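For reference, the structure discussed in these notes is given below.
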Protein chains: 2
Amino acid sequence: MSELSAVSGTPTATIKFYQREGLLPPSDKTAPNQADYGPAHVARLQLIRALLGVGKLSIAAAAEVIGSIDSAEPVLYTFEAAQNALSEHLDESDVTPDALAIVDAATTGWRVSPGNPGRLAAARVVDTFGALGQADEAGWFDRYAAAALLAAEADLDEIASRSGRDAQAETVVVGTVLGDALFSGLRRAAQEHVSSGRHPAPPHAASTRPNGAS
Amino acid sequence: MSELSAVSGTPTATIKFYQREGLLPPSDKTAPNQADYGPAHVARLQLIRALLGVGKLSIAAAAEVIGSIDSAEPVLYTFEAAQNALSEHLDESDVTPDALAIVDAATTGWRVSPGNPGRLAAARVVDTFGALGQADEAGWFDRYAAAALLAAEADLDEIASRSGRDAQAETVVVGTVLGDALFSGLRRAAQEHVSSGRHPAPPHAASTRPNGAS
DNA sequence: TACTATCCGATAGCTATACTCTCCATTGTG
DNA sequence: CACAATGGAGAGTATAGCTATCGGATAGTA
């Protein structure tokens with residue numbers, strides 16, 4: 001076990017905790033008190049740390065998505081499981097019909113089930129936006145929908161490039177979880193870029209420099 | 001005070017807590033034990049609930065962004081403040097140069113300061129992605145960067161449509177915080193759409209229906 | 001066989017966050 | 001003037017995510 005701890009940099013106490021919570025599969029034990037860990041365990045632990053750390057999942061949510069990787073279900077179900085684990089559970093009564101209509105209008109032509117967690121989450125954002133007295137003057141929702149479509153196509157292409165159910169299922173989870181974080185980072189960078197292109201004086205954060213490929 | 005509580009549906013104990021934490025400005029008191037709250041207080045409280053609830057900010061982060069709305073700084077600084085409050089504080093030593101190079105390549109031509117929190121956050125995602133044994137086969141990073149640019153342009157247009165520093169500053173904060181949640185919801189919806197367009201059998205979540213504008 | 005070191009597993013404890021409750025002097029109101 | 005309500009301050013609570021300790025068992029060594 002402390003082999004695992006040493007390799008991963010995770011304290012043994014934490015590893016034991018993850019095992020208890022069902023995040024990490026039980027060790028293949030060779031004796032009542034002796035266990036063996038292989039590269040699969042190391043990889044799994046790394047996945048856990050990524051989901052909890054960068055992805056900010058809760059222990060329970062991480063356990064759910066990991067379970068859906070391990071189940072033999074087709075990849076499409078893993079997708080659903082990942083989405084459910086990542087979103088808090090809303091139903092239609094948590095959002096106004098108006099907000100749903102706005103979301104549906106922004107996603108016209110999309111084939112999305114009414115209970116899709118993303119649809120409901122987006123509607124709640126629309127509600128919140130309205131409650132704060134903000135209005136969508138410049139087609140913000142529509143343009144976000146276009147951006148989201150771009151990202152989703154990239155996601156699906158990335159998944160399709162993997163071969164084998166297990167590799168695909170893992171990419172589904174990793175892509176879904178890390179995708180949020182990646183986009184959020186890139187959007188902030190893009191905000192600075194767009195903003196500096198429109199306003200003469202850049203924010204005080206030191207030197208801004210045009211970015212050539214390294 | 002319980003006027004405020006009634007209107008907002010927030011318990012008075014919680015309101016008092018927010019005041020203590022500096023989220024809510026002190027009441028304009030008319031007597032040592034009697035205070036008056038106006039519509040500004042109601043609006044502020046709603047903003048707080050939105051930041052904490054939908055935006056999932058911590059109390060401390062919310063206090064920071066709210067402070068930057070109230071300061072008289074130009075809107076560009078509010079942008080920076082919002083970004084800093086939303087990102088955990090990374091510096092270049094937290095990510096590999098390789099990951100930074102990949103991020104910079106995906107954002108070629110963008111004018112972004114090296115310390116931009118988004119740039120570093122994106123690099124950390126790239127690192128994590130690699131550590132999990134995933135490779136960017138289908139131009140995932142580049143395509144996310146394109147999507148992020150779209151979103152950032154929408155953000156800036158939306159902000160530009162507001163008049164007055166205070167309205168703009170509030171839209172900066174609201175847009176930056178809610179934008180992450182909105183995109184994440186729309187991306188999940190788009191994933192289902194794209195996925196159902198590519199695979200014959202949809203996931204079991206009941207009826208999927210093509211979506212006509214309401 | 002004795003000794004030591006390690007390991008597993010279970011339990012209890014710790015820390016941070018986001019509230020929530022209790023107390024109490026003050027005070028508007030009838 | 002009685003009296004419920006108010007504002008402010010500090011302590012208390014619930015949950016999440018670890019972390020530390022203890023007890024029993026076993027492998028390695030001599």
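So you know, we letter chains A, B, ... as the sequences are listed, proteins then strands, and number each from 1. Computed from a predicted structure; not experimentally measured.
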- Task: Let me know the distance between CD of A:Gln19 and P of D:dC18, rounded to the nearest Å.
- Result: 15 Å

- Message: Distance check needed: D:dA5 C1' versus B:Glu3 CD, whole Å only.
- Response: 14 Å

- For A:Asp155, side chain to side chain donor-acceptor pair (under 3.5 Å) partners two or more places apart: B:Trp140, B:Tyr144, B:Arg187, B:Gln191

- Query: Between A:Phe129 and A:Phe141, what is the ring plane arrangement, given parallel below 30°, perpendicular above 60°, and tilted in between?
  - Reply: perpendicular

- Expressed in angstrom and rounded to an integer, what is the separation of A:Lys56 atom NZ from D:dC18 atom P? 12 Å

- Message: Could you check whether B:Glu170 pairs with B:Arg44 (Lys NZ or Arg NE/NH1/NH2 to Asp/Glu carboxylate O, under 4.0 Å)?
- Response: no

- Taking NZ, NE, NH1 and NH2 as the nitrogens, is one of them in B:Lys56 or B:Asp180 under 4.0 Å from a carboxylate oxygen of the other? no

- Query: How would nucleotides 16-21 of chain C be written as a contact map, 5' to 3', with B for base contact, S for sugar-phosphate-only contact and - for no contact, using protein heavy atoms under 4.0 Å?
  - Reply: --SBBB

- Query: What's the OH-P distance between A:Tyr37 and C:dC7, to the nearest Å?
  - Reply: 10 Å

- Item | B:Tyr18 side chain to B:Arg49 side chain, donor-acceptor N/O pair below 3.5 angstrom | yes

- Query: How close or far is atom C1' of D:dT6 from atom CG of B:Leu4, stated in whole angstroms?
  - Reply: 13 Å

- In whole angstroms, the gap separating P of C:dT11 from CD of A:Glu21 amounts to 13 Å

- Query: Does a donor on one side chain and an acceptor on the other come within less than 3.5 Å for A:Glu73 and A:Thr78?
  - Reply: no

